[in-house]
Engineer: 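Quick one: structure below, then a few questions.
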Amino acid sequence: VLLNYLWVCHLSWTVIEAVTMYRALVKVFDVHISSAVLKYSVIGWILPLVFPTIGLVWGGADFVEPKTCFVKRPYGFVTFYGPMVLGVAVNWILFFFIIRIVAKAVKAKAEQPDTSDTSMRI
């Protein structure tokens, strides 16, 4: 159960990091991450408790395979694989949004006229 919780926590923190990176690139100025730390902490540590709790209520002692210390198949789809697929999908979506933002910024910078030429200053 602890292993399941820690894996889901790890994934939730990677999603939080992707959201933080996205917010930092979209809102370059006036980003106060410290105001969101409490929200991120709740999402990163409290929300993942939901999934092992569902598994324990649903499967009881049958929730975990004793040999592997991992969730059994019917419970794993809801308590582990589902959150993992969702988290990885969100990370990929945010990754492509971040790449798009960076590409637009590079393209805009490349299209600006070069003002470093010394003949322009004279």
Engineer: Does CE belonging to Met84 count more than 12 external heavy atoms closer than 6.0 Å?
Structural biologist: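 Yes, because the 6.0 Å sphere around CE of Met84 holds more than 12 heavy atoms from other groups.
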Engineer: Give the minimum heavy-atom separation between Ile16 and Tyr40, together with the two atoms involved.
Structural biologist: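 For Ile16 versus Tyr40, the nearest heavy atoms are CD1-O, 3.3 Å.
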Engineer: Check which hydrophobic residues are tied to Ile46 through side-chain heavy-atom contacts below 4.5 Å, counting indirect links as well, and list them.
Structural biologist: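 Cluster partners of Ile46: Val42.
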Engineer: Please find the pair of heavy atoms, one from Phe51 and one from Thr79, that lie closest to each other, and give the distance.
Structural biologist: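 For Phe51 and Thr79, the tightest heavy-atom pair comes out as O-CG2, 3.1 Å.
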Engineer: Between CH2 of Trp45 and CD1 of Ile43, what distance do you get to the nearest 0.5 Å?
Structural biologist: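 Between Trp45 CH2 and Ile43 CD1, I get 13.5 Å after rounding to 0.5 Å.
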Engineer: Leu6 and side chain to side chain contact (heavy atoms under 4.5 Å, CB included): which single residue from Val8, Leu2, Leu3 fits?
Structural biologist: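 The option that passes is Leu2.
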Engineer: Can you tell me how far the OG atom of Ser12 sits from the CH2 atom of Trp7, to the nearest 0.5 Å?
Structural biologist: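 Those atoms lie 13.0 Å apart.
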Engineer: List for me each residue that meets side-chain hydrogen bond (donor to acceptor under 3.5 Å, both in side chains) alongside Thr14, sequence neighbours excluded, and say none if there are none.
Structural biologist: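 In terms of side-chain hydrogen bond (donor to acceptor under 3.5 Å, both in side chains), with neighbours along the sequence ignored, Thr14 is linked to Asn91.
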Engineer: Could you check whether atom CH2 of Trp92 has more than 12 heavy atoms from other residues, nucleotides or ligands sitting under 6.0 Å from it?
Structural biologist: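 No, not enclosed.
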Engineer: In Å and rounded to the nearest 0.5 Å, what is the CD1 to CG distance from Ile98 to Leu25?
Structural biologist: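 Between atom CD1 of Ile98 and atom CG of Leu25 there are 6.0 Å.
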Engineer: So do Ile93 and Phe97 actually touch side chain to side chain, heavy atoms under 4.5 Å?
Structural biologist: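 A side-chain contact under 4.5 Å exists here.
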Engineer: Looking only at heavy atoms, which two atoms of Gly44 and Trp13 are closest? And how far apart?
Structural biologist: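 Heavy atoms of Gly44 and Trp13 come nearest at O-NE1, 3.3 Å.
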Engineer: To the nearest 0.5 angstrom, please state how far the CD1 atom of Ile99 sits from the CZ atom of Phe95.
Structural biologist: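 One gets 4.0 Å once the value is rounded to the nearest 0.5 Å.
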